[in-house]
Amino acid sequence: DVQLQASGGGLVQAGGSLRLSCAASGFTFDDYAIGWFRQAPGKEREGVSCINPSDGSTYYVDSVKGRFTASSDNAKNTVYLQMNSLKPEDTAVYYCAADSALCYGGSWFTYPSLAYNYWGQGTLVTVSS
């Protein structure tokens with residue numbers, strides 16, 4: 001079975017850190033881009049970051065540049081999102097998604113939800129002020 005398993009969310013104070021994980025199984029990890037999205041209550045889903053595990057290339061939206069770092073452990077088929085200097089506005093449910101189209105820019109986040117090959121379940125990140 002194909003699975004993307006997101007984990008690592010929690011409650012943290014502003015300025016704190018969390019590391020999210022997205023563990024993949026059932027597909028060839030290196031052939032896909034893995035992206036992180038988030039959706040805050042009452043807001044639209046937004047793309048946050050993506051990584052191409054085949055070469056480690058990454059992309060970040062401006063609001064998280066310098067604070068978030070995506071990485072991959074290809075031996076474990078797992079992508080991580082290290083989130084530092086968290087702000088209350090980072091509060092959201094975070095989702096990971098995989099697609100065979102590699103990610104080289106923000107357009108990767110604009111596909112309709114059903115266009116992505118796989119989605120993980122969300123993990124809630126709450127940043128208190």
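Along the sequence shown, the residues carry numbers beginning at 1. These figures come from a predicted structure and were not determined experimentally.
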- request: Show your working on side-chain contact (heavy atoms from CB on, under 4.5 Å) between Q5 and T78 and close with a plain yes or no.
  value: CA-CA 9 Å; Q5 185 78 26; T78 301; over 6 Å; no
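- Separation of atoms OG1 (T58) and CD1 (I51) is listed at 6.0 Å; rounding is to 0.5 Å.
- The two residues A40 and A92 come nearest to each other via the heavy atoms N-CB, 3.7 Å.
- Looking only at side-chain heavy atoms (C-beta outward), R45 and S113 come within less than 4.5 Å of each other.
- In this structure, L114 and Y116 have side chains that are not in contact, with every pair of non-hydrogen atoms separated by 4.5 Å or more.
- Under a 4.0 Å N-O distance rule, the pair K65/D62 qualifies as a salt bridge.
- Side-chain atoms of S54 and N52 form no donor-acceptor pair, as typed in the model, at a separation below 3.5 Å.
- Judged by distance alone, with hydrogens and angles left aside, the side-chain atoms of S57 form no donor-acceptor pair with the main-chain N or O of D55 at under 3.5 Å.
- A distance of 8.0 Å separates CG of L124 from OG1 of T91, quoted to the nearest 0.5 Å.
- Looking only at side-chain heavy atoms (C-beta outward), Y94 and M83 come within less than 4.5 Å of each other.
- One hydrophobic cluster, built from ILVMFWY side chains closer than 4.5 Å, holds both Y111 and Y59.
- A perpendicular orientation is assigned to the rings of F109 and F37, their planes being inclined by more than 60° (bins at 30° and 60°).
- The nearest pair of heavy atoms linking S100 to N117 is N-OD1, 2.8 Å.
- Counting only heavy atoms from C-beta outward, the side chains of V48 and Y60 never approach each other to under 4.5 Å.
- Side-chain atoms of R38 and L81, non-hydrogen and from C-beta on, never get closer than 4.5 Å to each other.
- Using a 4.5 Å heavy-atom threshold, the side chains of W119 and Y95 count as touching.
- Taking the side chain as every heavy atom from C-beta outward, S72 and Y80 never approach each other to under 4.5 Å.
- With contacts defined as side-chain heavy-atom distances shorter than 4.5 Å, the pair V61/F68 does not qualify.
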Check residues 16-36 and write down every donor-acceptor pair under 3.5 Å in which the side-chain atom is one partner and the other belongs to a residue at least two apart or another chain.
unit_1: S17; atom_1: OG; unit_2: N84; atom_2: OD1; d: 2.9
unit_1: D30; atom_1: OD1; unit_2: N74; atom_2: ND2; d: 3.3

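- V125 and V93 fall within a single hydrophobic cluster, where Ile, Leu, Val, Met, Phe, Trp and Tyr are joined by side-chain heavy atoms under 4.5 Å apart, directly or via other members.
- Nearest heavy-atom pair across P53 and V79 is CG-CG2, 4.3 Å.
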